[in-house]
Structures are given as structure tokens and as C-alpha cells.
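Below, read A as the first sequence line, B as the second, and so on, with proteins coming before strands; counting in each chain starts at 1.
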Protein chains: 2
Amino acid sequence: MNLKQLSDLLGLSQTTVSRALNGYPEVSAKTRDRVQRAAKEHHYSPNTRAKGLATGTSMAIGHVIPMAAKHEMVNPIFADFIAGAAATYSANGYDMLLSMVDDSKVAQSYRSLQSRGSVDGVIVHSPTVNDSRLTLLDEIGLPYAVHGRASGHGDPYCWLDVNNKSAFSRATTFLTDLGHRRIALINGQETLDFATRRRAGYEDGLRAAGIAVDPAIMRSDEMTEAFGYRSTVNLLAMDAPPTAILVSSMICALGVRRALEERGLKMGRDMSVLTHDDALSYLETGETIPAFTATRSSVREAGEKLAQLLIDRITSPESAPPHILLEAVLTVGRSTGPAPQSGV
Amino acid sequence: MNLKQLSDLLGLSQTTVSRALNGYPEVSAKTRDRVQRAAKEHHYSPNTRAKGLATGTSMAIGHVIPMAAKHEMVNPIFADFIAGAAATYSANGYDMLLSMVDDSKVAQSYRSLQSRGSVDGVIVHSPTVNDSRLTLLDEIGLPYAVHGRASGHGDPYCWLDVNNKSAFSRATTFLTDLGHRRIALINGQETLDFATRRRAGYEDGLRAAGIAVDPAIMRSDEMTEAFGYRSTVNLLAMDAPPTAILVSSMICALGVRRALEERGLKMGRDMSVLTHDDALSYLETGETIPAFTATRSSVREAGEKLAQLLIDRITSPESAPPHILLEAVLTVGRSTGPAPQSGV
DNA sequence: GCTAAAAACCAAAGCGCTTTGGATGCCTAA
DNA sequence: TTAGGCATCCAAAGCGCTTTGGTTTTTAGC
């Protein structure tokens, strides 16, 4: 069923039917009603491509997910973020176009999306410091919104970020307040912008307590369960092991816990663990007292809000690029406790 | 830059340029070369919508992910599966259109994709027994491929599945061979087709060892970490607790391990745990001897292959719907061991 | 009853591509 | 020399929609 068939059926012109369906005023109330009823009855929806061709918009947002070629790792955050964004899109009549491409093909992928006119805008994931994607997008004129920030990008742009620095500085202070003086950091890859901010927050927190930053107890890599495990084993084997660990992701923290428990160490007593928690849906425990003390910020909610930001930007491009800075909530769970008395 | 501009630039007709770019023979080699060079130089790609309008195809595949409205849970498998599918799509020039919709709106969503002509086919996720989506898709004539199978659907259709029954029967036998007689099952929701097959395999395995099926030690729910934990705590509190647990998902198994370790029980000695492992990228440990004994099957690979199956089906619809049955690999890790001597 | 304005509707152009159905020029064979 | 056959190229129609620039019908005002 297409417009012509529907209008023939109704004995109206395509113009009138189109207008009736799109809410233009030049149609009488009764005709509009008749048209809408008929459209519903015959499951008519206008052809996306034809509509897009005519209007010059695609009503679709692109997500280009860069994938590390080396071991095809998918960021576990991704699913929840996407779910949030998808909710916003469907509420606003947008489709979501997803591509996962090798790091090296990202630029080409953006260019193609733009020149093929497949999307009205894109979400930029996992920004790095001085992210080259933003300059490219500025250059080709494709509207975008960034999940996180890209330090070093001069021009104003649209972003949503968690206040990572503040969160990790507060987390560190929380630990120093408990008497911890030797606090390890298990961070994400520090080419990523958020990781540098978390690190900065961590260092601020240490300095505020008069503790020297010790690179020997700082780790940084892709945030897998295995990395958390490996790092912890490694830290425990040190001459002066930390009494607390600050972790950048819940997945990682699961590995930390495994390493500790395997060695008969109890979280919160023998080792304090404080992790960032993206509130991933499948890791929710629903317990009243959470297992982990955590800086918490829902990545699903981030997806919802950032998508809205981008849509707003697309529909009113003249206004200044909006941004949102979310504060993480520091929730106290059972994984932290006072530092052991230093009776070495 | 559009076709007209490019052809004007080259002093050729749109026809010739179009043919040159699409590899038709009615163009001299030198002209084709000249055209392709110019297209590259000016970053020309044909407008997707216009091309789609003209050809009647969209070169896009839809993924409609149903989301349980109750707590907006995203299946953690999803990201890896999607990554696999995305790889196939980009290799074949397809785009991926993703929507996440409330369970109740799935049918409407398919209808809309079809009537708007947004996709050439769809992937069906998480099929249930007698899944109504398949009948709908048959009815509206939208090509599809199913990740898993839908018992009860009469007509042949395109699918890719892990042999869940065989995997879980072999897993159960592995445990009975070790002397276990009381084996619990922590399964996914049994409205889902794969869960019923796993259960059937489990029951087969028990029967083969002459063990009665005991519903008291069988659990079934959404496969979260919390569910694994809860179930295990619960099983351990029984008068006659199991000596082994068969788990349907790695995420769940993490919860099982947490419950055990919290109680000072050691996997493989005090309790044998065997889990299905979808080889999720962020849970890879890379250890030579894996922590968990598992029936293993890469869901990423499933995504890659199923996408290819669907594309084949779209490009040659006349052939019989193809399907693939993957066998899971049973890998022995450190989480299983002989049953404790029954010296009750 | 007549005119002007407002309301309701319509024909056709145009979005950027593919593809049909020719044209045009050149070469070969009779 | 000329017709036929190829190899190249092109003009224009058509995909399904929106939108411009009308035309026709009603309504309102006097």
C-alpha cells in the first residue's frame, strides 16, 4: 500500500492525503479523520526512503562503534547505552543505524554515512584525548553528540559526561578518610578521555590527603574481568601491597573480587575495593546493601539523555551546542572498610 | 556532491556515470576508470535513499530487540551477537537498523519496518516456544532469520542455533560420570526456546544415569548475576543440597561463584559448577586452564553466520531456508571435580 | 443576489538515483 | 559503398513521497 493507492481508494489527491497524515491545516477535520482511519486500517506507513528523499532528512541517527581490531572486544557498557538511546529514538520517531568498524575505518565510515545521507547525525562513543573524529565531523558538517568529552577539542560541541574527576576524587577521599594510605588504581586505557579524568581525580584525592602518587600501584588497560584479576594478583604480590583498590569498571571489579576470594581475602576487611558502576542491567543485584561501594551513574540514562541532546541539536542547529555533566552517586556497600592498623 | 554534479563535472550523462560505478559492461574501460577516480576524489557515494527508492531495496537489516518492560534488562549476549552480525553486514554493504522495543510493541515494530520499507529483512532474537513473531513475519512477507529456534513453528524458516539439548545432555553426563547424583539446574526463563531445550538435555542426561528429575533443584529466571547468587544460596540451604550445578549463562555463573566463595566453598571441590559460556568478549580470561568447565559456543560467531544466512536468503529467496546447528564445545576447567564420597 | 475572502482540495514538479529504450559513431563484411 | 553489428553513450521515465502554486467550492458580508 502506497500513497497513490490510498488516495485512489479514498477518492482524494495524494496531496490531500499527505497533508491529512502530516497534520497540515489545509484539510477539513472530517477528511483528516477519514484518511487517518483508512491509513490505520490498511497498515499504511509512508515509505521511509521516499519521504526522506522528498524532505532531505533521514530520521535516523548513526552509532559508529570503533572496535579494537586486536581482539574484537565489545565494550560491555555499549548494550545498556544503546538501549537508552534507542528508547529516546523511538519516542521521537528516529531510527538507529549501527555500525561496528575497525578503528582504522571509522573516518571512512563517517564520511560514507554523511555522503550517502543515511543519517541526520551521529553519536560518538569512547572519545580519546584530542579525538580526531570530532574534527572530521566538524569538517564534513555531520551533527554529532559525544558520550564523554574529548579534551583538546577546541570548538564547542554537544556532549554528555559523568563528572569522572569529581567522582574519583571523592572516591579516593572516601578511602583516605577510612585511613587508607596505599590505594591502587585499576583504570581503563588512558588514551580514553574518561580514564585520564578519573586518574586526575584519583591523584587529586591522594594529594588532598598528602599522599604521594605512586605509579607502581596504578594499572591501565582494557577493562575486562581478566584484567581486574590479573592486576589484583599482581598488586598482592608486591612488597608493599595496597590496602585499597579503586577500580574503573564493575566488570573489572568482578575480577578483583575473584582474585581476592581465591586467596581467602575478604573485601571490606582485608582489602577495600571501590569501583565505578555503570549500573549495567544484568549486573544489578537488587540487594539493599550493595556488595560494592561504588561511584554510580546509569549508562542507560546517559544514552537516553544524550540521544535527546543530539535530536535537539539536529532540529535546532542554530542554538549553542548543549551539554550535560552528570554527577555520580557514591553509594557505600560492603566492599570497603577501615584500613588495617599499621602494626607492620 | 550528487550524481548530476558528478556527471556534469565529467561531461558525461548520469546514466553512464551510474553504470560505470555499478560495474555495468556498457562503459568503456577508460571512462569507467575516469569516473571511479573522480568519485573517489570527491568523496561521492550515491544517496542511500534515492538508490533505495530506485531499486526497491534498502540494503539494511533490522534487529528488533524485545525488552522486558518490567526492569529494562538488556541481554548481555546482545552486544557480542550484534558485533558479529555487524561485521558481516559491513562486508556485504548492508546497514544495520536497530530498535529496542517493549515486548508488547514488537509486532507493530515489524509491521512498520515492512510498510515503511526500511529494511530488507530482520533478525529475530530470543525466540520463544510457538513464537508469534514468526507467523506475523510470514504473514507480512518480511524475510527473517532466527537466532535460535522456535519449537512449534510449522513452516520451514531460516535459523542458526546451538545444539542446546546435546550440549546440556553431555554436560549432565560429564557430571554424572564424575559421580554426581544430585545436580541442580539454573536455567533461563523457560518460555524461551533455548531454555526448554537445555532443560530437555539436562533431563536426558539424568535419565541416562538413572537419576530422577527433581524439580526442587531446578531454577529458571532471567539470567543475571543476582539470580545465580540467589539460587545458589537457596540451593545450599536445602536439606539435601546438590553437589553440582549446571548453569545456563556465564553471567549467572559469576553469581554462583560469589555465593560459594562467600561461604568458603571451593568450586570443583565442594561444589562442581558447569556453565554454558557464550564466549562474551569482556569475560574472556585467556587463561590456559579456564576457571569454569563449560559448554562453549561463541555468540559473536553466531551473529556473523546468521547475518550471512539472512543475506543469502534475501538475495536468493527461492531456495529452501537454510539453517545451521552449531555444536558447543565442552571444555574442562577447574570448577568441576568428583562428587564427594557419600559418607553421610 | 452578488462579490470577496476563506476553506478545501488538486496537478505537477522535484528529491537523487536506476533503468528502459533509444541514439550515435565506428568497424566489419558483402 | 553500404548495411549490419558492436561498443558507447544518452534522454527521459519512474521509484513514493512532499510541497509549490494553483483551482474550485463554501462561507460571509453587504
Listed in order of residue number, which residues of [range] have a non-hydrogen atom at under 4.0 Å from DNA chain C?
range: residues 2-13 of chain B; answer: Asn2(B), Leu3(B)
range: residues 14-29 of chain A; answer: Thr15(A), Thr16(A), Arg19(A), Glu26(A), Val27(A), Ser28(A)
range: residues 45-61 of chain A; answer: Leu53(A), Ala54(A)

Discussion item. Could you measure the distance from the CZ atom of Arg111(A) to the CZ atom of Arg116(A)? Nearest 0.5 Å is fine.
Written reply: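 Rounded to the nearest 0.5 Å, the CZ-CZ separation comes out at 14.0 Å.
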Practice prompt. State the OH-CD1 distance between Tyr144(B) and Ile314(B), to the nearest 0.5 angstrom.
Written response: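 So the OH of Tyr144(B) and the CD1 of Ile314(B) are separated by 13.0 Å.
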Item to complete: Give the ring-plane orientation class for His153(B) versus Tyr157(B), where under 30° counts as parallel, over 60° as perpendicular and anything between as tilted.
Response: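 It falls in the perpendicular class, over 60°.
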Worksheet item: Got a sec, which residues hit side-chain hydrogen bond (donor to acceptor under 3.5 Å, both in side chains) with Ser126(B), two or more places apart in sequence or on another chain?
Response: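 By the side-chain hydrogen bond (donor to acceptor under 3.5 Å, both in side chains) rule, Ser126(B) matches no residue at all.
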Practice prompt. Would you please name every residue forming a side-chain hydrogen bond (donor to acceptor under 3.5 Å, both in side chains) with Lys4(B), sequence neighbours left out?
Written response: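 Partners of Lys4(B) by the side-chain hydrogen bond (donor to acceptor under 3.5 Å, both in side chains) criterion, ordered by chain and then number, come out as Asp8(B).
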Worksheet item: Are Tyr89(B) and His63(B) close enough that their ring centres sit under 6.0 Å apart?
Response: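 Between Tyr89(B) and His63(B), the centre distance is under 6.0 Å.
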Fill in: Leading and trailing nucleotides of DNA chain D with any atom under 4.0 Å from heavy atoms of chain B
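For DNA chain D, the relevant span reads dT8(D) to dG16(D).
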Worksheet entry | For the student: nearest non-hydrogen atoms of Thr16(B) and Val27(B), plus distance |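 Minimum heavy-atom contact is O-CG2, 4.1 Å.
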Practice prompt. Start with the C-alpha distance between Ser28(B) and Thr31(B), add both sets of side-chain angles, then the distance that settles side-chain hydrogen bond (donor to acceptor under 3.5 Å, both in side chains), and finish with yes or no.
Written response: CA-CA 5 Å; Ser28(B) 70; Thr31(B) 307; 2.6 Å; yes
Got a donor-acceptor contact below 3.5 angstrom from the [X] side chain to the [Y] backbone?
X: Asp131(A); Y: Arg133(A); answer: yes
X: Ser109(A); Y: Lys105(A); answer: no
X: Ser7(B); Y: Leu3(B); answer: yes
X: Ser58(A); Y: Asp120(A); answer: yes

